[in-house]
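Let me begin by presenting the structure, written as structure tokens, before commenting on it.
Just so it is clear, the values below take in all heavy atoms, side chains as well, and ignore hydrogens, waters and symmetry mates. Each chain gets a letter, A, B and so on, in the order the sequences are listed, and its residues count up from 1.
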Amino acid sequence: MTGWTWQAGRALAELEGGLGEAAGALRAAARADWVSLAAEAYVAEVLAEARAIDALAARTVAARDAVLVHTRAADVAAAVGACR
Amino acid sequence: MTEDAGTPPGLRVVGGAGGTRARLDDLERCAAVLDVAAARLRELSGPSCRLGAAVTDASRWSPGTAPRATAAVHPLVVPGTGVAAAGDRAADAAARLRTVARGYASAEGSVLDLWRSGAAAGGYLLGRAGPVAWAGAGAAGGVAVGLALPRVLLLRSLRGLPGPWGAGAGVMLEAAGRLPGPAGWALRGPGLLPGPFSTRTGDLVVSAGAGFVLGAAPGHWLPGVRVPVPGGAAPGGLRNGAPLVGLPGLPGPSGPPGVPGLRPGAPARPLPVPWPLTVPHPRNGTVAPLPRPVPPPGEGLRLPSPSPGGPSGSPSGAPPSAVPGAARRLLGPLALLDGSGAHELVVTAQSPVPVGVADPPRDAVDLVASVQDTYPDPSDPAGTPPGSVDVLRYEAPDGQVSHVVVVPGTQSGALGGAVPNDMGSNMRLMAGVPDDVTEVLRRALDGIDAGPGEPILLVGHSQGGIAVVAAAADAAVRAGREVSVLTIGAPVQHVELPPDVEAVHLEITTDPVLATDGIGPRDRPNRVTIEVDPRRSDSPELRAAAQSWYRSHTVDTYALGLREAQDSGHPGVLAAVSHLESFLGPEGTTVTRQRFTGARVPAGTG
């Protein structure tokens, strides 16, 4: 057992949590009063960045199944190989 | 500044939570959040690399599932689209937001500063040019006024013509009155002559006057005489009149050589106390002698000087090291002028008395109007003595206690005498050196001994406003106290207050006193300036007050101005009023008043 599933699962969890935090922070920043300082372009940019981070988080979630299937298969193959 | 389309004419609210400066702070906070997000995203490059490595390593044992897994993690780890790239973009956005904030901050007020610098430089150059140029400029100014005045009178009188011609002229002039600059100023308003200057015009006049005085310093214009410019100050460096007194190079305490009476070490000569005083009553303008302010023996509690050898903070007892360096140069000659070195300040405290249910101020307008009670009334010799400071103690039914300390304005035009609220104190306050009005306030604060959690609102009109801001700016006064400030018609925009002191400044634009700080309202998150132009008011009383500099400065006019600003429903005004009324307690709050009275007595007799 080489633990690729454990490594990948942990990395995926960290990524999902961290990306969610960053996107939430950007959305909170975009709600501030400085919007009225004719800085709507910057607000739009911040919100676009938050959406880009959301997309990364969605890709992370979408990758989870493929990655875990792959790493579990590798872990099993490696374990069988070690038994032989 | 928060003057927007919804603001009624004549009202301007500067600073506070809705001001540009506060929004710039928000912009900075947003940049900080972006930086935090960028750092978090960059931290995530570690897990994304580990994920990519795990998938790659596992491919050796499971080559069949590898392509799908590799394709799934590719967007997360590849440069340009991965989390590290997102972090870089967030950091870049933060940097650009900071650039925007700096741009707004530098643009804020720079145009007005340019005008002030230009006025100061013009005044300075004229002062340097000498008496011949002054005479020429005076003659040219006289000719210009002589040419312009008949035309202004003619144009303004056209509106009074009966019939359609007059109505048409009135409409045209009303439209022309919206013009900026001298044309709009000359054509606007009722009457045949233009109304008083606004404080913004006054700012420029003060700057130009300060520059002129500096340039016209004796000797500059005499042929063959070269006197260095004080401090080597360039005209462009002059921002306003108030700091002029603190410029380096002014004569020191010993005075210029050869001037009689200003010899080094010459004893200060006590000036005669000008009794009886005759000052116009701030409310009705009547002139009557005021009673001598020394209380009868045995009445009240006499507050001792905090330190032996003279009252600390009092002009006569101030340690030289406590005075700003440049201002110290002013202190010596001023002490000789007002004779403060020969006087001692005595403050007496009456016992607290309950205030009737109807008497204490219960809302912000009442609070402003109540400042009048701290002025002496010439028609009531038994009333408030000169030099008094009132402290109102509000105790709510739930036990919450707050204090409102009310300091009146100038009550004597003398440069010394028994009344501390005199012109000498004005000069000291504007120079930023210790004065007796602030000293009375300090001792009143020491006398009430407000406990922790008992907020204090310092309220001051005119000179009293300068004193309360000076006190609030002093860390020793704030120590252990939660202090807020309300100034009424006080030139205090040049005094910095720490961010934890909330301040509300009421200004009437035709009040000439406000221009003496040489600075217009500044935008700061913790300070709200409510500026009311009475010439554009719906209230006949306010419009009438606008025709007189004196009435523009009275407490009653300010109370009317605040009521009108409050009626506008402007969120900045309502927030400021809510803050002020938080000190006055809810229904059922009991109020006691304690009066502290300061008087100067000859040294050694106090």
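At a heavy-atom cut-off of under 4.5 Å, chain B is reached by L56(A), R59(A), T60(A) from residues 54-62 of chain A, listed in order of number.
Most heavy-atom pairs under 4.5 Å with chain A, from the set T70(B), V36(B), V73(B), V83(B): that is V83(B). Considering only heavy-atom pairs separated by less than 4.5 Å from chain B, the leading option among G24(A), A23(A), A8(A) is A8(A). The greatest number of non-hydrogen atom pairs below 4.5 Å with chain A, out of R29(B), R96(B), R50(B), is found for R96(B). Chosen from G82(B), A90(B), A93(B), S48(B), the residue pairing most often with chain A at heavy-atom distances under 4.5 Å is S48(B). Contact tally against chain A (heavy-atom pairs below 4.5 Å) for A31(B), G87(B), P75(B): the top residue is P75(B). Here P47(B) is the residue among P47(B), P63(B), A32(B) with the most heavy-atom pairs under 4.5 Å with chain A. By number of non-hydrogen pairs under 4.5 angstrom with chain B, the leading residue of V80(A), L15(A), V67(A) is L15(A).
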Test side chain to side chain contact (heavy atoms under 4.5 Å, CB included) applied to D57(B) and T71(A), step by step:
CA-CA 9 Å; D57(B) 288 350; T71(A) 52; over 6 Å; no
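In terms of the salt bridge (charged side-chain N to carboxylate O under 4.0 Å, His left out) criterion, residue partners of E16(A) (sequence neighbours excluded) are, by chain and number, R64(A). By the salt bridge (charged side-chain N to carboxylate O under 4.0 Å, His left out) test, R42(B) is found to be paired with D88(B), residues two or more places apart in sequence or in another chain being considered.
Using a 4.5 Å cut-off on side-chain heavy atoms (C-beta onward), E14(A) and E43(B) make no contact.
Separating the CD atom in E45(A) from the CG atom in L34(B) is a distance of 9.0 Å, to the nearest 0.5 Å. Note that the CG atom of L19(A) and the CG atom of L76(B) stand 7.5 Å from one another [nearest 0.5 Å].
For L41(B), the part lying under 4.5 angstrom from a heavy atom of chain A is the side chain only. Of the atoms belonging to R40(B), it is side-chain heavy atoms, and not backbone ones, that fall under 4.5 Å from chain A.
Between V33(B) and A25(A), the closest heavy-atom pair is CG1-O, 3.4 Å. Heavy atoms only, all atoms of each residue included: A66(A) and A72(B) are closest at CB-CB, 4.2 Å. Pairing each heavy atom of A54(B) with each of Q7(A), the nearest pair is CB-OE1, 4.1 Å. The minimum heavy-atom distance linking I53(A) with A86(B) is given by the pair CG1-CB, 4.4 Å.
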Contacts under 3.5 angstrom, residues 573-580 of chain B side chains, donor-acceptor by atom type, not counting sequence neighbours:
| from | atom 1 | to | atom 2 | distance (Å) |
| --- | --- | --- | --- | --- |
| H579(B) | NE2 | S484(B) | OG | 3.1 |

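Between the side chain of H70(A) and the main chain of V55(B), a donor-acceptor pair closer than 3.5 Å is present.
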